[in-house]
Amino acid sequence: MNLLKTELNPENASLHKILDNLAVATIVLSAQAQLRYANKAARQLLALTPPEQTLSGQELLHQLPSEEQTSLISACRAHRNDQLSLNLSATSRQNVKRTLQISLQPVDDDSGDLQAILKDMSQYQAASRLPVHFHQAMQQTQDLVMVTDSHGRIEYVNPAFIHQTGYAENDVLGQTPQLLSSGEHDNTFYHKMWKTLRSGQSFRDIFINRRKNGKRYQEEKTITPIRDEFGQVSHFVSTGRDITELVNSEQHLDFLRRFDPLTGLPNRQRLCEHFERHVLQRKRAPMALFLIDLDRLSLINDSLGRSAGDDLLKLFSQRLKQRLPEHFIGRLGSDAFLVMAEGIQTPDQAAHMAQQFHQIMALPFELTQAELFISISLGITLYPYDGDQFDELINKADSAMHRCKDNEQGFGFFTEDLTIQTQNRVRMENQLRQALLHRQFHLVFQPRVNLQTGQVQGVEALLRWIHRDGKSTSPAEFIPVLEEIGLITSVGEWALLRACNFASQWLQKGHDLGISVNLSARQLRQDNLPEVINRCLDLTGLPAHKLELELTETSMLADVEHSIAQLEKLKAMGIRIAIDDFGTGYSSLAYLKRLPVHTLKIDRAFIQELSADSTDLDIVRTITQLAHSLKLDVTAEGIENREQLNLIKELGCNEGQGFLLAKPMNEVDLLHWHNHFNLNRVIAGEAS
Ligand code: C2E
Ligand code: MG
Ligand code: MG
């Protein structure tokens, strides 16, 4: 830093301005202790008037008693590298005596100059200048007292402060109260504080601070700005009371009022408050309430003693909290617990969660006296479906819980229809998880016929689920469930491999039939789909062009860019792609143009109502023309009668599929059918 040059070179005005803006009083002295430069803060402190040209070493030295003049000169001459402090008295024009501290530091060039920082020590002595009785009062009060200068630097702390915070005087003097900050107040808090203090008023609030040992404490504090004889704020006095214990005891009382002392869980009152807050804040956002009843608590109390029962309750609460951290859990009374699950919004989700509760109970509880397996009963109510009052929902959950005590699944909704519906669903899920293992899935095949040539173009593989008792469930019912529980990918892969295998065998036997396989949205999303399909083709030896994949519009539109990328890869492998159930989704023409597909399959809803004067006729005609203009083939699915067949043929659809031509059949029936099929006979009404 070359302050000397700055002073001598008036063109360097901007550096001057910067130095003048510094709150720290800075001067430059020559080796002879002559004042070469003083920034604005220093000029004010030394009561010097600008311009700087009038500054001279004499003026500073003149203000000093002679022995201090000598010590300053000798300090400057010594040009010591380390910092040096001297106490000097300066007399301002108002004739106010100031005690200044000068910290000298040699300027790092060959000028021999020193830079120095001035500190007004008279401020630091403020507390000692207080009237004796006032000072004593501060020393003796139980309140925490702290005095800071106008910049917030601590000048005084009383013994109560030292005692409570654990800081020694030396730790805090010269520091700012920031030292105590716990970081728990935000900027708005401090903004409000400074705004009040700057307007000359006292600020009062509870400060959360930290002691020297890191422990937080709460201080009810009042900060008051103090003005000097010129009306300027020279100090801030803060007095406060450590209210940590008071707050803690209030909190303890509150704990007793709102928590169950045995388990530490929220009690009925707290649960109710939480519920009401949810209703208030989230309005009618659905939520499920699970009332859990421990089945044999009274038996355990009677046989093993009350303390065993208490232990069980504690262990059970811990397990619930650990396994369901995202939900609000409380104890309603003796053996009844309540879980409020905000994320659970539908009966199906609630039924799944009910299962989760039973899984939580699968492991035994280790009590000192014994290891116990415990079962629970669950009553479920849904807010706002079953009611919007806490007590009402609890009562309903209670009656649902009693009703379900003996049922197979161990849970019940207040609305019995929901119980039946969701229990069926849960049962189906559990059965589906076993179905692949137990070889309950089969494929049937429905032919696709070229309506112009009468050739059987190929067959669509359709999944069947046949239960142990011979009953079957419709794919429209179980495929969405497979999708939801994530099993569709493995079942889909199984279907794909099996379908390709059949088609390959048929080819070898001289039946030139392509195979169409339905793919679910989840399968399309899987990045490894091309590899999976490649593996199927490799394993079965089926030529790629014999395989067609059917996807619905909705499954493709979920993530258009990813779908396009996936389909491009499949198309490049030589596989054909069809849009299934076309007309039921929301494909825009813009997307249709970009999707790399070969065929549109018009949904059977449009075919079933088809007659010479129906609006569906116009729809099918438009779709066919649109498809042809995009160079796509059109398949009409669901043809059930000859009128529909003739209309479709006339409209120029390439292929037809439906019960009139052939119902889905197993592989044996299919080959027999293929040997005998004749389209003209169907058109003539000779065969069905
Ligand atoms: P989809 O792919 O549109 O299959 C055509 C459905 O229409 C089949 O029902 C078929 O039996 C039925 N169908 C065919 N012709 C007629 C007709 O003339 N009249 C009537 N009323 N119905 C006819 P299905 O086999 O019950 O399959 C329903 C849906 O389940 C399929 O619709 C498809 O979306 C899905 N699906 C079937 N198998 C699979 C599979 O392996 N994977 C996937 N992801 N989905 C499959
Ligand atoms: Mg299909
Ligand atoms: Mg379809």
Side-chain angles (χ1 to χ4, degrees), residues 432 435-436 440-449 457-466 472-503 514-526 529 532-533 536 547-556 558 576-585 597-610 620 623 634-645 648 653 655-666 669-670 673 682 688:
L432 274 173
L436 199 57
Q440 291 174 348
F441 289 121
H442 303 271
L443 289 182
V444 289
F445 304 94
Q446 187 178 33
R448 286 172 10 224
V449 178
Q457 206 73 35
V459 296
E460 176 175 5
L462 294 162
L463 194 59
R464 294 288 173 267
W465 176 28
I466 303 177
S472 68
T473 311
S474 153
E477 231 179 284
F478 71 81
I479 290 205
V481 182
L482 281 180
E483 279 257 4
E484 243 174 73
I485 61 178
L487 270 183
I488 192 68
T489 37
S490 40
V491 176
E493 258 183 74
W494 172 87
L496 195 67
L497 184 65
R498 199 160 165 79
C500 291
N501 199 29
F502 275 124
I515 184 106
S516 307
V517 181
N518 292 285
L519 277 199
S520 79
R522 213 185 247 256
Q523 283 175 286
L524 181 65
R525 278 205 302 274
Q526 290 221 305
L529 180 69
V532 168
I533 292 174
C536 281
L547 175 63
E548 184 171 67
L549 299 173
E550 296 191 4
L551 287 142
T552 61
E553 294 165 75
T554 3
S555 69
M556 292 196 217
R576 292 178 61 86
I577 316 284
I579 303 186
D580 205 354
D581 305 343
F582 186 79
T584 55
V597 297
H598 302 87
T599 309
L600 290 191
K601 292 187 80 172
I602 304 175
D603 192 72
R604 70 167 188 263
F606 300 106
I607 311 298
Q608 258 156 8
E609 305 288 308
L610 206 62
V620 176
I623 296 178
V634 181
T635 304
E637 53 179 32
I639 305 171
E640 291 186 353
N641 59 45
R642 287 192 297 146
E643 188 192 1
Q644 292 163 352
L645 179 65
I648 283 161
C653 282
E655 282 182 12
Q657 199 181 352
F659 292 170
L660 178 73
L661 297 160
K663 288 198 169 165
M665 4 179 196
N666 68 26
D669 294 345
L670 174 72
W673 174 89
V682 177
S688 62

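Sequence positions, counted from 1, serve as the residue numbers for this chain. Read the numbers this way: they start at 1 and go in the same order the structure lists the ligands and their atoms.
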- Query: Are any of the N or O atoms of F659 closer than 3.5 Å to those of ligand 1?
  - Reply: yes
- Message: When you measure from the Mg ion (ligand 2) to the N, O or S atoms of S516, does any of those distances fall below 2.8 Å?
- Response: no
- Query: Hey, is there an N, O or S on D603 sitting under 2.8 Å from the Mg ion (ligand 3)?
  - Reply: no
- Task: Please indicate whether any nitrogen or oxygen in S474 is less than 3.5 Å from any nitrogen or oxygen in ligand 1.
- Result: no
- Item | Polar side-chain atom of Q526 near backbone of Q523 as donor-acceptor pair, under 3.5 Å | no
- Task: Using distance alone, decide if ligand 1 has a nitrogen or oxygen within less than 3.5 Å of any nitrogen or oxygen in Q523.
- Result: no
- Note on the structure: protein heavy-atom neighbour closest to atom 3 (O) of ligand 1 works out as D581 OD1, 3.0 Å
- Message: In the structure I gave you, are the side-chain heavy atoms of W465 and I479 within less than 4.5 Å of one another anywhere?
- Response: no
- Among N518, V517, N641, which residue places a heavy atom closest to atom 40 (C) of ligand 1? N518
- Measure the CG-CG distance between L496 and L547 for me, rounded to the nearest 0.5 Å. 6.0 Å
- Indicate, as side chain, backbone, both or neither, the part of Q657 found under 4.0 angstrom from ligand 1 when only non-hydrogen atoms are considered. neither
- Message: Between P664 and R464, is there a side-chain heavy-atom distance shorter than 4.5 Å?
- Response: yes
- Item | Protein heavy atom at shortest distance from atom 27 (O) of ligand 1 | P475 CG, 3.4 Å
- Task: Can you sort out which atoms of ligand 1 are near G658, meaning under 4.0 Å from one of its heavy atoms?
- Result: 15 (N), 18 (O)
- Worked check of side chain to side chain contact (heavy atoms under 4.5 Å, CB included) between R642 and L660: CA-CA 7 Å; R642 287 192 297 146; L660 178 73; 4.1 Å; yes
- Counting distance only, does the side-chain N/O of Q608 pair as donor-acceptor with the main-chain N or O of A605 below 3.5 Å? no
- Query: Which of the listed options, R522, K601, K663, R604, holds the heavy atom that is closest to atom 7 (O) of ligand 1?
  - Reply: R604
- For P664, counting its heavy atoms only, list the atoms of ligand 1 lying under 4.0 Å from any of them. 11 (O)
- Message: Please list the nearest protein heavy atom to atom 36 (N) of ligand 1 with its residue and the distance rounded to 0.1 Å.
- Response: I479 CD1, 3.4 Å
- Message: So E550 and D581, do their side chains get closer than 4.5 Å, heavy atoms only?
- Response: no
- Residue D580 vicinity, atoms of ligand 1 by number, heavy atom under 4.0 Å: 1 (P), 2 (O), 3 (O)
- Message: Which residue and atom name correspond to the protein heavy atom nearest atom 20 (C) of ligand 1, and how close is it?
- Response: E640 OE2, 3.2 Å
- Query: Nearest protein heavy-atom contact for atom 10 (C) of ligand 1: which residue, which atom, what distance?
  - Reply: L462 CD1, 3.8 Å
- Query: Between S516 and R448, do the side chains contain an N or O donor and an N or O acceptor separated by less than 3.5 Å?
  - Reply: yes
- Task: Taking the side chain as every heavy atom from C-beta outward, state whether F582 and T635 have any atom pair closer than 4.5 Å.
- Result: no
- Measure from atom 14 (C) of ligand 1 to every heavy atom in E477, E637, E550, Q446 and give the option owning the shortest one. Q446
- With a 4.0 Å heavy-atom cut-off (strictly under), which part of L463 contacts ligand 1: side chain, backbone, both or neither? both
- Query: Touching ligand 1 at all, G492? Heavy atoms, strictly under 4.0 Å?
  - Reply: no
- Item | D580, N/O/S atom nearest the Mg ion (ligand 3) | OD1
- Note on the structure: I579 and E553 have their tightest heavy-atom pair at CG2-CG, 3.6 Å
- At their closest point, which heavy atom of F478 faces which heavy atom of T473, and how far apart are they? CE2-O, 3.3 Å
- Message: Below 4.0 Å from ligand 1: does a non-hydrogen atom of E483 turn up there or not?
- Response: no
- Classify the contact between V491 and ligand 1 as side chain, backbone, both or neither, using a heavy-atom distance cut-off of under 4.0 Å. neither
- Message: With rounding to 10 degrees, what does the angle E550:OE1 / the Mg ion (ligand 2) / N518:OD1 come to?
- Response: 90°
- Item | Nearest heavy-atom neighbours spanning G638 and I607 | O-CG2, 3.9 Å
- Got a salt bridge between K601 and E460, using NZ or NE/NH1/NH2 to carboxylate O under 4.0 Å? yes
- Item | Distance filter under 4.0 Å to Q608 heavy atoms, resulting ligand 1 atoms | 19 (N), 20 (C), 21 (N)
- Query: Out of S520, A521, A578, whose heavy atom is nearest to atom 44 (N) of ligand 1?
  - Reply: S520
- Query: Do L487 and L436 have side-chain heavy atoms sitting under 4.5 Å apart?
  - Reply: no
- Message: As a test of reading the structure, name the N/O/S atom of E460 that is nearest the Mg ion (ligand 2).
- Response: OE2
- Looking at D581, pick out the N, O or S atom nearest to the Mg ion (ligand 3) and give its name. OD1
- Take atom CZ of R576 as the centre, draw a 6.0 Å sphere, and report whether it contains more than 12 heavy atoms from other residues, nucleotides or ligands. yes
- Is there side-chain contact between L529 and L519, with heavy atoms separated by less than 4.5 Å? yes
